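These notes are about the structure you will find just below.
Quantities reported herein were computed from a predicted structural model and do not represent experimental measurements.
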Amino acid sequence: MIEQYRQPVGMYLWEVPAGLLDIAGEDPLTAAQRELFEEADVRADEWHVLVDQFNSPGSSAEALRIFLAQEIHEIPESERFTRDGEEASMELRWVQFAEALDAVMDGRIHNPSAVSGLMALFVAKQRGLDALREPDADWSAHPAFRDQTSPSAQDA
């Protein structure tokens, strides 16, 4: 997990590595792989979709896809991304899954991506990780991937 200061709430929050689809043409999996590399100094060989969500559908079209990254490999220090700005002071910490769940339930983890990702992983472990969606699963609910002319896209 990473700890990052978030100005709107005036707090440091424990989060999962995450980022925006802010590179033209970059698909969600590639963006997730890039963010994991940039924020956590690791790569993963295995990826699955944990959960898709809208953060605040009453006021924003922001859509998130949360992946489960497995088969993690640390990046040699000489090959790591150089963080700057607000990311330069991020604290990285490996957290046991049970400890992270306790932190959600105790109110110590507030970030919605972390909360929903951890809860989705809890459910996925109960059902079996083999039931998770492939990393390139359809994400037509995301505004950038939605067929804007389709009436069903507006009704969904």
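Under the 30°/60° scheme for interplanar angles, the aromatic rings of His142 and Trp139 are found to stand perpendicular.
Hydrophobic clustering (ILVMFWY, side-chain heavy atoms < 4.5 Å, transitive): Val49 and Phe145 are in distinct clusters. Both Val51 and Leu118 sit in one connected hydrophobic cluster of ILVMFWY residues. Membership requires side-chain heavy atoms under 4.5 Å apart, directly or through other members. Residues Ile109 and Met90 are members of separate hydrophobic clusters, defined by side-chain heavy-atom contacts under 4.5 angstrom among Ile, Leu, Val, Met, Phe, Trp and Tyr.
The distance from atom CD of Glu35 to atom CG of Leu20, rounded to the nearest 0.5 Å, is 7.0 Å. To the nearest 0.5 Å, the span separating CD1 on Ile66 from OG on Ser116 amounts to 3.0 Å. To the nearest 0.5 Å, atom CD of residue Gln33 and atom CD of residue Glu38 are 12.0 Å apart. If you take CG on Leu132 and CD on Glu46, they are separated by 9.5 Å, rounding to the nearest 0.5 Å. The CE atom of Met11 lies 9.5 Å from the CD atom of Glu3; values are rounded to the nearest 0.5 Å. Between the CG atom of Leu64 and the CZ atom of Phe54 there is a distance of 9.5 Å, given to the nearest 0.5 Å.
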Are Glu134 and His48 close enough, and set up right, to give a side-chain contact (heavy atoms from CB on, under 4.5 Å), and what steps lead you there? CA-CA 5 Å; Glu134 291 299 314; His48 289 92; 3.9 Å; yes
Determine, step by step, whether Val42 and Trp94 satisfy the side-chain contact (heavy atoms from CB on, under 4.5 Å) criterion, reporting the C-alpha distance in whole Å, the side-chain angles of both residues, the deciding distance to 0.1 Å, and the verdict. CA-CA 12 Å; Val42 296; Trp94 285 99; 4.2 Å; yes
Which is it for Asp45 and His73 under the side-chain contact (heavy atoms from CB on, under 4.5 Å) test, yes or no, and what are the steps along the way? CA-CA 8 Å; Asp45 292 337; His73 305 283; 2.5 Å; yes
Determine whether Leu101 and Glu99 satisfy the following criterion, side-chain contact (heavy atoms from CB on, under 4.5 Å), listing intermediate values before the conclusion. CA-CA 5 Å; Leu101 289 175; Glu99 179 185 348; over 6 Å; no
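In terms of modelled atom types and a separation under 3.5 Å, the side chain of Gln4 and the main chain of Trp14 share no donor-acceptor contact. Not one N or O on the side chain of Arg43 forms a donor-acceptor pair closer than 3.5 Å with the backbone of Phe37. Between the side chain of Arg93 and the backbone N or O of Met1 there is no donor-acceptor pair closer than 3.5 Å. A donor-acceptor pair under 3.5 Å is absent between the side-chain atoms of Thr30 and the main chain of Glu26, judged by distance alone.
The shortest distance between side-chain heavy atoms of Thr82 and Arg80 does not fall below 4.5 Å. With contacts defined as side-chain heavy-atom distances shorter than 4.5 Å, the pair Ser56/Glu62 does not qualify.
Minimum interatomic distance between Ser140 and Asp138 (heavy atoms only, all atoms of both residues): OG-OD2, 2.9 Å. Here the shortest heavy-atom pairing between Leu92 and Asp41 reads CD1-OD2, 3.5 Å. Of all heavy-atom pairs spanning Ile2 and Pro17, the tightest one is CD1-CA, 4.2 Å. Here the shortest heavy-atom pairing between Ile23 and Arg34 reads CD1-NE, 3.4 Å. Shortest non-hydrogen contact noted between Pro135 and Arg65 is O-NH1, 4.1 Å. For the pair Ile72 and Ala44, the tightest heavy-atom approach, listed with the atom from each and the gap, is CD1-CB, 3.7 Å.
For the side-chain contact (heavy atoms from CB on, under 4.5 Å) with Phe67, the qualifying choice from Val16, Leu29, Leu50 is Leu29, the only one to do so.
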Please report, to 0.1 Å, the donor-acceptor pairs under 3.5 Å made by any side chain of residues 119-127, with sequence neighbours excluded.
none

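By the side chain to side chain contact (heavy atoms under 4.5 Å, CB included) test, Asp106 is found to be paired with Asp102, Arg108, residues two or more places apart in sequence or in another chain being considered.
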